Every structure is written in structure tokens, then in C-alpha cells.
Amino acid sequence: MVTAALAQESGYDVHALTVDYGQRHRLELASSKTIAAKLGLTSRVELALDLRAFGSSALTDDIDVPKSGVGDDIPVTYVPARNLVFLALTTACAEAAGANDVFIGVNALDYSGYPDCRPEFIESFAETARLGTKSGVEGVPFTIHAPLQHMTKADIARECARLDLNPAWSWSCYDPTSRGIACGQCDSCRLRKKGFAQAGIVDSTVYSE
């Protein structure tokens, strides 16, 4: 949400891609529709790519989502190569639309240690996109924008407030309750709550804990 608003603020027409990859936190799909409507995005495409066929992640398989807090190891909520898949799909979408700027909301400061959020990965993907696309080969490479990458969660919360965005439009929780309420204990909820608290900004999201 914040990334899309920052792109708009910079003068871009934003075409959003939502990937339904079989994630257990399916409320984020509805959230993406809300955000697209509230921000008046130019377009939004929802693409089904069911990664449950691969499994091995607590987000796509019958594995408990950890609730003990953010640790040093890559957690089981890591979805194999998810951002690599997302960026490949988004680059294909951009090339088909004649666009050369791709935005992604990864963060490499307050995060769970996923390898596909790191700056070196984003930089390497830009080169991959240059080598593997018609646009890149013809001398019009893609720019991969990651405006949140070096922000803390508190910084992102402040940007949310500055851009006059309602936090409740967005969805972070990996393991919502049966009533559709954020669990408040998964890594994503903990990091989100910590960011808003450090920024001194009220998060309008309802949490079960």
C-alpha cells in the first residue's frame, strides 16, 4: 500500500499485480482490492499461481505458523523463491504493458530474514531482467524500485500517516483467526505492531492479541 502510494506521489501510473499463490492469509487478496480502489490505481490484475503444489512453507502447507517471536534463522513462513517468482511475473506484466519501472515493497531492516528481501537480490534481479527480456536486450532495461527496503517499520508507519493512508486497508497477518482478525503473534503482526508503536501512530488494525 505504501509502496503504491509512493509510486503515485512520484508521478507513476500504477498497475497492480496481486498473486493468489494459495496463501493461508487469503484476506490479503481482498485487501489488495481495497487498496487499488482507495488509491485509484490505473489497473489491477489478480493472477492465480497455486504454490501449495510445492508446499514446504507454513503459508502454503499444513505447518503451524510460529508465534514465539522473530528469531535469527529463516523461519518456516519463508515461501521458496516467492519474491523471485513475484518479480518475474511483475516484470512480464510490465513488459507486456510497455512499462519499465517495477515496484516491490520488500524491507531488509525490520524483517524475518527472508533472503529474497535483501538489496543484493533486488540488484541482481534487475540484471537478470535486462538479460532475459526483449526490452532489456533492445536497450530499455527495467528499473526495480524498492522504496521501503532501507526503512524501519516505524519509518514505514510514518510514511503511511504522511500519505494519509488507513492502516486497516492493508493486511499483514500470516495466520488470521476464523473470524478474520489478525492473530497479533506471528512475525508479521509483531513487526507491524512494533513499527506503529515506535512511530507513536495508532494502527487501526484489529488484533486478537
Side-chain angles (χ1 to χ4, degrees), residues 1-5 16-39 44 46-80 82-83 85-86 104-107 109-114 116-117 148 151-161 163-209:
M1 178 176 71
V2 173
T3 298
L17 175 64
T18 299
V19 182
D20 177 356
Y21 61 94
Q23 60 269 54
R24 68 195 303 161
H25 52 302
R26 303 189 63 74
L27 286 165
E28 73 175 7
L29 301 175
S31 174
S32 72
K33 291 182 182 179
T34 297
I35 292 167
K38 295 290 187 181
L39 297 185
R44 174 184 172 274
E46 186 167 312
L47 181 68
L49 182 69
D50 197 345
L51 297 182
R52 289 177 298 183
F54 299 157
S56 82
S57 167
L59 302 191
T60 59
D61 210 340
D62 188 18
I63 302 171
D64 290 340
V65 173
K67 302 291 180 69
S68 58
V70 182
D72 295 327
D73 297 328
I74 297 173
V76 72
T77 50
Y78 166 71
V79 179
R82 180 175 60 177
N83 285 339
V85 172
F86 285 179
I104 185 168
V106 295
N107 174 258
L109 288 184
D110 290 334
Y111 77 130
S112 295
Y114 300 149
D116 53 359
C117 289
L148 311 184
M151 291 186 186
T152 64
K153 284 290 194 280
D155 292 334
I156 297 169
R158 293 185 190 100
E159 284 295 272
C160 182
L163 293 162
D164 198 25
L165 304 171
N166 184 345
W169 297 343
S170 65
W171 186 263
S172 298
C173 180
Y174 288 153
D175 193 26
T177 69
S178 59
R179 295 183 295 132
I181 298 174
C183 74
Q185 294 298 312
C186 68
D187 284 5
S188 192
C189 281
R190 288 174 183 269
L191 289 167
R192 179 184 175 116
K193 291 196 295 183
K194 174 186 173 185
F196 277 96
Q198 289 180 336
I201 296 170
V202 174
D203 181 0
S204 50
T205 300
V206 176
Y207 295 94
S208 65
E209 294 186 36

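No experiment lies behind these values; they were computed from the predicted model shown. Atom set for the values below is all heavy atoms of this structure, side chains included, hydrogens, waters and symmetry mates excluded.
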Would you kindly check if the NZ (Lys) or CZ (Arg) of K153 is within the cone defined by 45 degrees around the ring axis of F196 and under 6.0 Å from the six-membered ring centre? no
Between the OH atom in Y174 and the OG atom in S188, the distance rounded to the nearest 0.5 Å is 4.5 Å
Any side-chain to backbone donor/acceptor pair from N83 onto V106? Under 3.5 Å, distance only. no
OG-CD1 distance between S170 and I156, expressed to the nearest 0.5 angstrom: 10.5 Å
For residues Y78 and S56, is any side-chain donor paired with an opposing acceptor at under 3.5 Å? no
Looking only at heavy atoms, which two atoms of C160 and P167 are closest? And how far apart? SG-CG, 4.0 Å
Can you name the nearest heavy-atom pair linking L109 to T152, along with the distance? CD1-N, 3.9 Å
How long is the span from the NZ atom in K194 to the CG atom in D110, to the nearest 0.5 Å? 5.0 Å
Under 3.5 Å: donor-acceptor pair, side chain of S31, backbone of W169: yes
Is the side chain of D50 donor-acceptor paired with the backbone N or O of R52 at a distance under 3.5 Å, no angle test? yes
Show the numbers, then the answer: is there a side-chain contact (heavy atoms from CB on, under 4.5 Å) between E46 and K33? CA-CA 9 Å; E46 186 167 312; K33 291 182 182 179; 3.9 Å; yes
Roughly how far apart are M1 CE and K38 NZ, rounded to 0.5 Å? 11.5 Å
Any chance you could measure T18, atom OG1, to F86, atom CZ, to the nearest 0.5 Å? 9.5 Å
List for me each residue that meets salt bridge (Lys or Arg N to Asp or Glu O under 4.0 Å) alongside D61, sequence neighbours excluded, and say none if there are none. none
Residues V79, F54; criterion side-chain contact (heavy atoms from CB on, under 4.5 Å); working and verdict: CA-CA 10 Å; V79 179; F54 299 157; over 6 Å; no
Drop me the distance from T60's OG1 to H25's NE2, to the nearest 0.5 angstrom. 10.0 Å
What I'd like to find out is whether the side chain of L47 reaches to under 4.5 Å of the side chain of D20, using heavy atoms alone. no
Heavy atoms of P176 and C173 approach each other most closely as N-SG, 3.5 Å
State whether R192 and D203 are salt-bridged, where the test is any N-O pair (Lys NZ or Arg NE/NH1/NH2 against Asp/Glu carboxylate O) under 4.0 Å. yes
Looking only at atom types and distance, does a side-chain atom of T77 sit under 3.5 Å from a main-chain N or O of A58, one as donor and one as acceptor? no
Might you point out which heavy atoms bring G105 and T3 nearest each other, and give the distance in Å? CA-OG1, 3.3 Å
May I ask you to say whether R26 pairs ionically with E28, meaning some side-chain N is under 4.0 Å from a carboxylate O? no
Would a 4.5 Å heavy-atom cut-off, applied to side chains only, mark I63 and S57 as touching? no
Show the nearest heavy-atom pair for residues A157 and I201, with the distance to one decimal. O-CD1, 3.5 Å
Using modelled atom types only, decide if a donor and an acceptor are shared between the side chain of S112 and the backbone of Y114 within a distance under 3.5 Å. no
Quick one: list whatever passes salt bridge (Lys or Arg N to Asp or Glu O under 4.0 Å) with E159, sequence neighbours left out. R162
Does a side-chain N-to-carboxylate-O contact under 4.0 Å join D187 and R190? no
Contact summary for G184 and K193, nearest pair of heavy atoms: O-NZ, 3.0 Å
Heavy-atom side-chain contact between R82 and V19 under 4.5 Å: no
The criterion is salt bridge (Lys or Arg N to Asp or Glu O under 4.0 Å); which residues satisfy it with D175, sequence neighbours excluded? R24, K67
Report yes or no: does D64 contribute a side-chain atom to a donor-acceptor pair with the main-chain N or O of P66 at less than 3.5 Å? no
